[in-house]
Peer 1: 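Before anything else, here's the structure in question.
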Amino acid sequence: MKFLTVPTSTRIEIVDITDKLREMVKNNGWSEGIVTVYCPHTTAAITINEAADPDVRADILETLNKLVPYNDNYAHIEGNADAHIKSSLVGSSQQVIIEHGRLVLGTWQGVFFCEFDGPRQRKVYVKFVSG
Ligand code: ZN
């Protein structure tokens with residue numbers, strides 16, 4: 001298993017990690033198989049969505065904030081209950097097919113790390129299985 005380090009700079013943000021993943025695929029000589037991109041944090045997540053227009057990321061965050069506001073009548077006393085809920089809604093992992101040494105993504109797709117309780121230094125686990 002390999003890992004990426006993802007520093008985040010605000011409480012809530014979506015960080016494009018596609019280039020880091022492409023670099024990892026290339027540097028490790030991964031050719032044919034599947035890569036699992038896994039977030040080992042309870043207040044962050046991984047998603048795949050449009051990488052071309054950054055407004056899409058902004059809309060996703062704004063909508064998540066409407067659905068799960070920072071302040072509500074939460075039982076969790078740490079003050080980051082919204083981040084835990086957002087993490088579960090978005091999900092902790094994604095899988096991407098690798099063919100001919102390249103990530104197979106749609107033209108407009110990118111892989112994103114979603115920070116919901118930053119800023120922090122985060123890790124993303126990456127496991128390649130050939131096949
Ligand atoms: Zn918490």
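Every number for a ligand or one of its atoms is a count from 1 in the order of the listing.
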Peer 1: What N/O/S atom of Glu78 is the closest to the Zn ion (ligand 1)?
Peer 2: OE1
Peer 1: Keeping Ser87 on the side-chain end and Ala83 on the backbone end, is there a donor-acceptor pair under 3.5 Å?
Peer 2: no
Peer 1: Determine yes or no for a side-chain-to-main-chain donor-acceptor pair under 3.5 angstrom, with Arg57 supplying the side chain and Ala51 the backbone.
Peer 2: yes
Peer 1: Do Ile46 and Gln95 come within less than 4.5 Å of each other through their side chains, counting heavy atoms only?
Peer 2: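 The answer is no; the side chains never approach within 4.5 Å.
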Peer 1: What do you reckon, is CD1 of Ile97 surrounded by more than 12 foreign heavy atoms closer than 6.0 Å?
Peer 2: no
Peer 1: Just checking: Asp117, one of its N/O/S atoms, less than 2.8 Å away from the Zn ion (ligand 1), yes or no?
Peer 2: no
Peer 1: Give a yes/no answer: is there an N/O/S atom of Thr42 under 2.8 Å from the Zn ion (ligand 1)?
Peer 2: no
Peer 1: Rounding to 10°, state the angle centred on the Zn ion (ligand 1) that links NE2 in His76 with NE2 in His84.
Peer 2: 100°
